Protein chains: 2
Amino acid sequence: MGIAERKLRQKVEVKASILQAAWQLVEKEGWQSLSIRKIADAIEYSAPVIYDHFANKEAIMLEFTKRGFQQLNEQLIKAKEQFANPEQQIEAIAYAYWKFAFNHKEYYQLMYGLGMPGCETVKQIPEMASFTEIVLAPVRDMLAKSRNAGADPFLKLHTFWSTLHGLISINMLGKNDSRDELNAMVLKDFLIGFISGIKG
Amino acid sequence: MGIAERKLRQKVEVKASILQAAWQLVEKEGWQSLSIRKIADAIEYSAPVIYDHFANKEAIMLEFTKRGFQQLNEQLIKAKEQFANPEQQIEAIAYAYWKFAFNHKEYYQLMYGLGMPGCETVKQIPEMASFTEIVLAPVRDMLAKSRNAGADPFLKLHTFWSTLHGLISINMLGKNDSRDELNAMVLKDFLIGFISGIKG
DNA sequence: TTACATTTGCTAACGGTGTTAGAAAATATA
DNA sequence: TATATTTTCTAACACCGTTAGCAAATGTAA
């Protein structure tokens, strides 16, 4: 009686193909022009079928947002694990974050952009909490060992995250006029200031 | 023969009413739900009339983006003029920028958000260059007087702008859990670090 | 194998979007 | 008053997300 199993397997398959097709379309034409009908076309089903797998278009986007944060977290953990020293960890995390944003521009734009996702969206993404944890730990470590032990680690984390994100999103505004070196320098500049600020 | 004049006057009037109606709709329902037809309804004209005044919907948005930067620049200049000391100027500019973003959330979201406007958009907004000039001057002044005179003012400007924007946009993601104090502290924290970084 | 029940996927539609073509109405010119 | 011009409208096109309801395929049981 593997019928139910087979059906479930097929259902999972279709769901996966929806996501795959959606992703392909996004890569080719960007988020703005992604449509349910185009996805349906690509998977060779009619449009309403998609609603058997996702509540609506936003749910598809949300799925990608989640995946984006999962991937980002993975990369950050990997970067962090390469060092024991929290100072080096923070630096590695910053570079990994930067790299992720530009290597997965589509993801990053969905995760943070696209009309500045509202509070509701944020609540539905527990992955953002993991992200906080990953970065918070080394910040705490550094503060503990510093002349600045009283400082609020959340405050430092917030500064870290904001600057990084700001750097990236301001950069994505403009074109890439061989500004790569400038950006590398800005990132370095920020990190030096940030770390020396924590040391006190 | 004031006919042509009257016609021109009327045309200007209609154009203004389009922008006014659009703005009212945005304030009430947000950018996402702004539509040409709703604007037409509000100004009591049919939809195609709008295309006699704007090439397309994007052109209307662009107009608001321009106005946003104009207003922002005005506020920044006003803040800057209150001080002669470049250090105080930078601080005042940062606070004014912050205030603008939250007092004119709709503007700020259009200016920077809404799908991360592409390179094409940026080119069409000369006001962004003025913004650069306003902030660059005090940074230069400070650097000149510092132990750090060799540093690149553009690099510092970029850091300044990015951090400020990052702080704001990360903040707009989440809800306002009485985080006002935290944010004020983060801003202060950043400014201290930034200024001491310039002084060298 | 036949009869029924269930699941699956479709077509067609609703109400919306930006935008354009072309007719009609209002206005200006001779 | 007749003609030319401008202004404004209706109607349509080609999309969009989403849903209702029917048809076909599939599974279950006699």
Side-chain angles (χ1 to χ4, degrees), chain A residues 1-19 21-26 28-65 110 114-115 117-118 120-121, chain B residues 1-19 21-26 28-65 110 114-115 117-118 120-121:
Chain A
M1 275 283 186
I3 290 172
E5 283 83 345
R6 192 207 68 215
K7 281 199 173 175
L8 206 133
R9 221 161 43 229
Q10 285 178 338
K11 200 158 185 162
V12 171
E13 234 170 63
V14 173
K15 184 164 183 171
S17 80
I18 289 172
L19 289 168
W23 187 246
Q24 239 163 18
L25 286 166
V26 167
K28 214 198 306 169
E29 308 169 25
W31 286 109
Q32 305 289 0
S33 82
L34 179 65
S35 87
I36 296 286
R37 281 174 161 94
K38 282 183 193 168
I39 297 172
D41 246 39
I43 64 171
E44 295 177 300
Y45 275 93
S46 69
V49 171
I50 290 170
Y51 292 87
D52 293 339
H53 303 273
F54 296 94
N56 48 37
K57 191 182 174 183
E58 212 187 322
I60 299 177
M61 310 279 243
L62 198 70
E63 178 62 36
F64 282 114
T65 306
L110 179 63
L114 253 62
E120 324 83 45
T121 313
Chain B
M1 276 280 187
I3 290 171
E5 282 83 346
R6 193 208 67 215
K7 280 198 175 176
L8 205 135
R9 220 162 42 229
Q10 284 176 339
K11 201 158 185 161
V12 172
E13 234 169 63
V14 172
K15 184 163 183 171
S17 81
I18 289 172
L19 290 168
W23 187 247
Q24 239 164 16
L25 285 166
V26 168
K28 216 200 305 169
E29 308 169 23
W31 286 108
Q32 305 289 0
S33 82
L34 180 65
S35 87
I36 296 286
R37 281 176 163 91
K38 282 183 193 168
I39 297 172
D41 245 39
I43 63 170
E44 295 176 301
Y45 275 93
S46 69
V49 170
I50 291 170
Y51 291 86
D52 293 339
H53 303 273
F54 295 95
N56 49 35
K57 191 182 173 183
E58 212 186 323
I60 299 176
M61 310 279 243
L62 198 71
E63 178 61 37
F64 281 113
T65 305
L110 178 64
L114 254 62
E120 324 84 45
T121 313

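Below, chains carry the letters A, B, ... as their sequence lines are ordered, and counting in each starts from 1. It should be emphasised that the depicted structure is a prediction, and the values quoted were computed from it without experimental measurement.
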Sequence neighbours excluded - salt bridge (charged side-chain N to carboxylate O under 4.0 Å, His left out) pairs with any residue from residues 30-54 of chain A: Glu29(A)-Lys38(A)
Interatomic distance, Trp31(A) CH2 vs dG17(D) P [rounded to whole Å]: 13 Å
Any Leu19(A) side-chain heavy atom under 4.5 Å of Phe64(A) side chain: yes
Student check: side-chain heavy atoms of Ile36(B) and Asn56(B) closer than 4.5 Å: no
Distance, rounded to the nearest Å, where Met61(B) contributes CE and dT19(C) contributes C1': 15 Å
Whole-Å distance separating the CZ atom of Phe54(A) from the C1' atom of dT19(D): 19 Å
Side-chain heavy-atom pair Ile60(B), Ile50(B) within 4.5 angstrom cut-off: yes
Side-chain touch Ile18(B)/Val49(B), heavy atoms, less than 4.5 angstrom: no
What pairs of nitrogen or oxygen atoms, one from the protein and one from nucleotides 12-14 of chain C, lie under 3.5 Å apart?
unit_1, atom_1, unit_2, atom_2, d
dA13(C), N6, Arg37(A), NH2, 3.3

Gln10(A) CD to dA25(D) P, straight-line distance once rounded to whole Å: 16 Å
Separation of atom NZ in Lys57(A) from atom C1' in dC16(D), rounded to whole Å: 8 Å
Among dT18(D), dG9(C), dT8(D), the nucleotide that comes nearest once only the side chain of Tyr51(A) is considered: dT18(D)
Phosphate-side-chain proximity, Ser35(A) and dC16(D), N/O vs OP1/OP2 below 4.0 Å: yes
Touch class at under 4.0 angstrom, heavy-atom based, for Leu34(B) against every strand present: sugar-phosphate
Length of the CD1-P vector between Ile50(A) and dT11(C), whole Å: 14 Å
Inter-end axis angle, the helix from dT6(C)-dA25(D) to dA30(C)-dT1(D), with every axis fitted to five base pairs (rounded, 10 degrees): 30°
By salt bridge (Lys or Arg N to Asp or Glu O under 4.0 Å) - contacts of Lys57(A) (at least two apart): none
Length of the line joining Glu13(B):CD and dT7(D):P, which is rounded to integer Å: 14 Å
Proximal nucleotide (of dT11(C), dT8(D), dT19(C)) relative to the Asn56(B) side chain: dT19(C)
Shortest side-chain distance from Ile36(A), nucleotide among dC9(D), dG17(D), dC10(C): dG17(D)
Whole-Å distance separating the CD atom of Gln32(B) from the P atom of dT17(C): 14 Å
Closest approach of Ala22(A) to Leu34(A) (non-hydrogen atoms, all atoms of both residues): O-CD1, 3.9 Å
Sugar-phosphate, base or nothing in reach of Lys38(B), heavy atoms under 4.0 Å: sugar-phosphate
Sugar-phosphate only, base, or nothing, as touched by Tyr45(B) at under 4.0 Å among non-hydrogen atoms: sugar-phosphate
Set of side chain to side chain donor-acceptor pair (under 3.5 Å) partners for Gln24(B), sequence neighbours left out: none
Pairs touching residues 44-63 of chain B that satisfy ring-ring contact (aromatic ring centres under 6.0 Å, His included), sequence neighbours left out: none
Nearest heavy-atom neighbours spanning Ala21(A) and Ala42(A): CB-CB, 3.8 Å
Touch class at under 4.0 angstrom, heavy-atom based, for Asp52(A) against every strand present: nothing
Residue Val49(B), side-chain heavy atoms: nucleotide from dG17(D), dT19(C), dC9(D) that is nearest: dC9(D)
